[in-house]
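Remarks on the structure that follows.
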Amino acid sequence: MKVFVIGATGRVGQDLIADLVDAGHTVTAGVHTPAKFKQTDIATAVSLDLTADPATMAATLKGNDAVYFVAGSRGKSLLQVEEFGAIKSMQAAEQAGIKRYVMLSSLFATQPERWAGIPSLDSLADYNVAKFVADNWLIRNTQLDYTILQPGSLTEDEATGKVALGVDDGGRNPIPDVAAVLAAVLDQSNTFGQVITMHSGNTEIAAAVNDWTAAR
């Protein structure tokens, strides 16, 4: 598949691109500053401005089979990036005729009643609100074949290759494991139209993704 990754220079984005290429996909990296993109040996970098209008973004996305949104402003521009930037990328994907859309979100982003009960989320109120709006727009206002992945705390730990999906509690997520789950759901139709919570666990990633619907 031809895959467009928005947020390709971030921690998750870099690992995701490597995983997608290893799986045989062709990747275009949408980045604010292409000169800063380091994975030029495996992917093509193009300029993508999340403050642009959807039609401008659509012209950049056109020709791809799937879009990933893994961009983050690290709290600097939550409305322009995590919220409205994400929404415009969904609109752009639809305008470009792309059906598959995978969103990296945050644990329980669509369940605000849960935030106060998870210490790692309690300090991220504004980020959670931005993700709540973006996730709900994707669910309610698009016809995209979406998957929303909602991991708990991201860590710099080494990959374990094992996860728990559909979790009901907080937990840690090595970044390489999050990227691996994102890559694994791409062509798994059982994950379409699904919101998937996750943290580290005891099930191999491929098996966890393959069995997702049954596990529900």
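- Between Ile139 and Tyr146, the closest side-chain pair of non-hydrogen atoms falls below 4.5 Å.
- For residues 174-185, no residue pair satisfies the salt bridge (charged side-chain N to carboxylate O under 4.0 Å, His left out) rule, not counting sequence neighbours.
- The nearest pair of heavy atoms linking Ser77 to Glu82 is O-OE1, 3.6 Å.
- Pairing each heavy atom of Leu61 with each of Ala93, the nearest pair is CD1-N, 3.8 Å.
- Note that CG of Leu165 is 11.0 Å distant from CD of Gln194, once rounded to the nearest 0.5 Å.
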*Between Ile148 and Ile196, is a side-chain contact (heavy atoms from CB on, under 4.5 Å) present by the stated rule, with each step listed?*
CA-CA 6 Å; Ile148 300 173; Ile196 304 175; over 6 Å; no
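- Put simply, CD1 on Ile175 and CG on Asp15 are 7.0 Å apart, with the number rounded to the nearest 0.5 Å.
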For residues 16-39, which side-chain N or O atoms pair as donor and acceptor with protein atoms under 3.5 Å away, sequence neighbours left out?
from	atom 1	to	atom 2	distance (Å)
Asp19	OD2	Ala180	N	3.4
His25	ND1	Met1	N	3.2
Gln39	NE2	Gln14	O	2.9

_As a quick check of understanding, evaluate side-chain contact (heavy atoms from CB on, under 4.5 Å) for Asn210 and Asn190, giving each step before the final call._
CA-CA 8 Å; Asn210 285 337; Asn190 61 314; 5.7 Å; no
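- Annotation for Gly171 and Asn173: closest pair O-ND2, 3.3 Å, computed over non-hydrogen atoms.
- Here Ser89 contributes atom OG and Tyr68 contributes atom OH; the two are 14.0 Å apart, rounded to the nearest 0.5 Å.
- Sorted by first and then second residue, the pairs that involve residues 195-204 and meet side chain to side chain donor-acceptor pair (under 3.5 Å), not counting sequence neighbours, are Asp169-His199.
- Closest heavy-atom contact between Ala184 and Ile205: CB-CG2, 4.2 Å.
- In the hydrophobic clustering, where aliphatic and aromatic side chains (Ile, Leu, Val, Met, Phe, Trp, Tyr) are joined below 4.5 Å either directly or transitively, Leu78 groups with Leu124, Tyr127.
- The two residues Lys131 and Ser106 make their nearest non-hydrogen contact at CG-CB, 4.4 Å.
- Considering Asp187, Thr147, Asn64, Asp65 in turn, Thr147 is the only one that fulfils the side chain to side chain donor-acceptor pair (under 3.5 Å) rule with Arg100.
- Checked for salt-bridge contact, Glu156 and Arg11 meet the test: a charged N lies under 4.0 Å from a carboxylate O.
- For Gln80, there are no side-chain hydrogen bond (donor to acceptor under 3.5 Å, both in side chains) partners at least two apart in sequence or on another chain.
- Follow the hydrophobic side-chain contacts under 4.5 Å out from Ile98 and you never reach Phe192; the two are in separate clusters.
- Here the CG atom belonging to Leu182 is positioned 8.0 Å from the CE atom belonging to Met198, to the nearest 0.5 angstrom.
- Residues forming a salt bridge (Lys or Arg N to Asp or Glu O under 4.0 Å) with Glu158 (at least two apart in sequence, or on another chain): none.
- Shown here are the side chain to side chain contact (heavy atoms under 4.5 Å, CB included) partners of Arg172, two or more places apart in sequence or in another chain: Thr155, Asp157.
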_Evaluation steps, side-chain contact (heavy atoms from CB on, under 4.5 Å), between Ile6 and Leu50_ = CA-CA 9 Å; Ile6 300 173; Leu50 288 172; 4.0 Å; yes
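- Under a cut-off of 6.0 angstrom, the local environment of CZ in Phe84 is sparse, with at most 12 non-hydrogen atoms contributed by other residues, nucleotides or ligands.
- Hydrophobic clustering keeps Leu79 apart from Leu138 (ILVMFWY residues linked when any side-chain heavy atoms are closer than 4.5 Å, directly or through intermediates).
- Looking at residues two or more places apart in sequence or on another chain, you find a side chain to side chain contact (heavy atoms under 4.5 Å, CB included) between Lys62 and Ala96.
- Few gaps surround NZ on Lys99; more than 12 heavy atoms of other groups in view lie less than 6.0 Å from it.
- Asn136 is linked by a side-chain hydrogen bond (donor to acceptor under 3.5 Å, both in side chains) to Arg140, counting only residues two or more places apart in sequence or in another chain.
- For Ala86, the side chain to side chain contact (heavy atoms under 4.5 Å, CB included) partners are Phe69, Met90, Met103, Ala134, not counting sequence neighbours.
- Summarising the geometry, atom CG belonging to Asn128 is positioned 9.0 Å from atom CG belonging to Leu107; distances are rounded to the nearest 0.5 Å.
- With no hydrogens or angles considered, no side-chain donor-acceptor pair links Gln188 and Trp212 at under 3.5 Å.
- At a cut-off of 3.5 Å, with distance as the only test, no side-chain donor of Tyr101 or Thr142 sits close to an acceptor on the other residue.
- Residues Ala58 and Gln95 come closest through the heavy atom pair CB-CB, 3.8 Å.
- Annotation: salt bridge (charged side-chain N to carboxylate O under 4.0 Å, His left out) contacts involving residues 39-55, sequence neighbours excluded, are absent.
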*Asp135 vs Val195, side-chain contact (heavy atoms from CB on, under 4.5 Å): CA-CA, chis, key distance, verdict*: CA-CA 9 Å; Asp135 286 6; Val195 178; 5.8 Å; no
Anything under 3.5 Å between a donor and an acceptor, one on a side chain of residues 108-119, the other on a protein residue two or more places apart or in another chain? List them.
from	atom 1	to	atom 2	distance (Å)
Thr110	OG1	Gln150	NE2	3.3
Arg114	NH2	Asp168	O	2.5
Trp115	NE1	Phe108	O	2.7

